[in-house]
Amino acid sequence: MARRLRPVGPDFVETAPLRLVFARVVKAPPEAVFHALAEDVPGWSEWFSAVTLARPIADGAGREVRLRGGTRFTESVLMSRAPEVYAYRVDGTNAPGLRALVEEWRLSPDPSGTRVQWTFAADGTALFRAALTLGRAGLGRAFRDAVTALERRLASAPA
């Protein structure tokens, strides 16, 4: 891993200099969505197209994630409270300009399934923050496509 990032806690989701929040409803119960997020970590590469590898490390207290294009992360799980919230902090990465990052997945019941809210809370150089702000639409599209693929995956899973 190229660089260690600043260790931040779960409250960083609310205090980060840059917060991108996306939400979508999926036709699956919160328990199934939570399982896919927090317990089936290797399955991420099946529904999140940017992810080429995801695996638990440190007996499940962390994750190793690789993205298309070669970006790598080592992460610590900050919160795993079924079926409501799953959050992790990036501890190390080869991504330039990033100083701190927490991603939080918040799940809430919805009449048609589960409302999935993803918060991408980051700090970085001015250039990194500007690029991420400009890339917001692309990140939103990646979230929408991933959650749609997750919904399909959950619909086809045996009960």
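Heavy atoms only: backbone and side chains are in, while hydrogens, waters and symmetry mates are out.
Considering only residues two or more places apart in sequence or on other chains, Glu151 meets the side-chain hydrogen bond (donor to acceptor under 3.5 Å, both in side chains) condition with none of them.
Side-chain contact annotation: Glu103 with Trp118, donor-acceptor N/O pair under 3.5 Å present.
The structure places CD of Glu84 at 12.0 Å from OG1 of Thr114, a figure rounded to the nearest 0.5 Å. Taking CG of Asp110 as the start and CZ of Arg115 as the end, the distance is 8.5 Å to the nearest 0.5 Å. Of the inter-residue distances, the one linking Phe73 atom CZ with Thr71 atom OG1 reads 5.5 Å to the nearest 0.5 angstrom. Between the CZ atom in Arg89 and the CD atom in Glu104 there is a gap of 14.5 Å [rounded to 0.5 Å]. Note: Leu139 CG to Arg144 CZ = 11.5 Å, rounded to the nearest 0.5 Å. Between atom CG of residue Asp145 and atom CG of residue Leu150 there is a gap of 12.5 Å, rounded to the nearest 0.5 Å.
Annotation: side chain of Leu132 is in contact with side chain of Phe120 (closest heavy-atom distance under 4.5 Å). Looking at heavy atoms from C-beta onward, Pro29 lies out of side-chain contact with Pro109 at the 4.5 angstrom threshold. Counting only heavy atoms from C-beta outward, the side chains of Leu78 and Val102 approach each other to under 4.5 Å. At least one side-chain heavy atom of Leu5 sits less than 4.5 Å from a side-chain heavy atom of Leu98. Using a 4.5 Å heavy-atom cutoff, the side chains of Glu75 and Val65 are in contact. Put simply, the side chain of Phe34 does not reach to within 4.5 Å of the side chain of Leu37, judged on heavy atoms. Considering only heavy atoms from C-beta on, Asp123 comes within 4.5 Å of Pro17 through its side chain. Side-chain contact between Val147 and Val33: absent, with no pair of heavy atoms (C-beta onward) separated by less than 4.5 Å.
Ala32 and Leu154 get closest at one heavy-atom pair: O-CD2, 3.9 Å. Summarising the geometry of Arg129 relative to Gly124, their closest heavy-atom pair is NH1-O, 2.6 Å, with the distance given to 0.1 Å. When all heavy atoms of Ala122 and Phe128 are compared, the closest pair comes out as CB-CE2, 4.0 Å. In terms of heavy atoms, Arg68 sits closest to Ser49 at NE-O, 3.1 Å. Across every non-hydrogen atom of Met79 and Pro10, the tightest pair is CE-CB, 3.8 Å. Listed here is the closest heavy atom pair of Phe12 and Ala121: CE2-O, 3.4 Å.
Using modelled atom types, one side-chain atom of Asn94 and one backbone atom of Arg72 make a donor-acceptor pair closer than 3.5 Å. No side-chain donor-acceptor contact under 3.5 Å links Arg66 to the backbone of Ala54. Distance alone, capped at 3.5 Å, is enough to place a donor-acceptor pair between the Asp91 side chain and the Ser76 backbone. Between the Arg3 side chain and the Ala95 main chain, a donor and an acceptor come within less than 3.5 Å of each other.
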query: Where do Val90 and Arg4 land on the side chain to side chain contact (heavy atoms under 4.5 Å, CB included) test, with the steps shown first?
result: CA-CA 9 Å; Val90 173; Arg4 300 289 301 163; over 6 Å; no
message: Would Trp105 and Tyr86 count as a ring pair (Phe, Tyr, Trp, His ring centres under 6.0 Å) here? Give the steps.
response: CA-CA 5 Å; Trp105 297 79; Tyr86 182 61; 8.4 Å; no
task: Check the pair Thr52 / Ser45 against side chain to side chain contact (heavy atoms under 4.5 Å, CB included), numbers first and verdict last.
output: CA-CA 5 Å; Thr52 61; Ser45 62; 5.9 Å; no
message: Quick one, Leu20 with Leu18, criterion side chain to side chain contact (heavy atoms under 4.5 Å, CB included). Give me CA distance, side-chain angles, the key distance, then yes/no.
response: CA-CA 7 Å; Leu20 303 176; Leu18 181 61; 4.3 Å; yes
Intermediate values then yes/no, side chain to side chain contact (heavy atoms under 4.5 Å, CB included), Val21 and Gln117: CA-CA 7 Å; Val21 181; Gln117 178 179 294; 3.7 Å; yes
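Using a cut-off of 4.0 Å between Lys/Arg side-chain N and Asp/Glu carboxylate O, Arg153 and Asp40 are scored as salt-bridged.
Residues Phe48 and Phe22 fall within the same hydrophobic cluster, defined by Ile, Leu, Val, Met, Phe, Trp and Tyr side chains chained together at heavy-atom separations under 4.5 Å. Connection of Val85 to Val13 is not established within any shared hydrophobic cluster, with ILVMFWY side chains joined at heavy-atom distances below 4.5 Å, either directly or through further cluster members.
In this structure, Arg63 satisfies the cation-pi test against Tyr88, with its NZ or CZ atom closer than 6.0 Å to the six-membered ring centre and inside 45 degrees of the ring normal. A cation-pi arrangement is not found for Arg55 relative to Trp44, the charged atom failing to lie both closer than 6.0 Å to the ring centre and inside a 45° cone about the ring normal.
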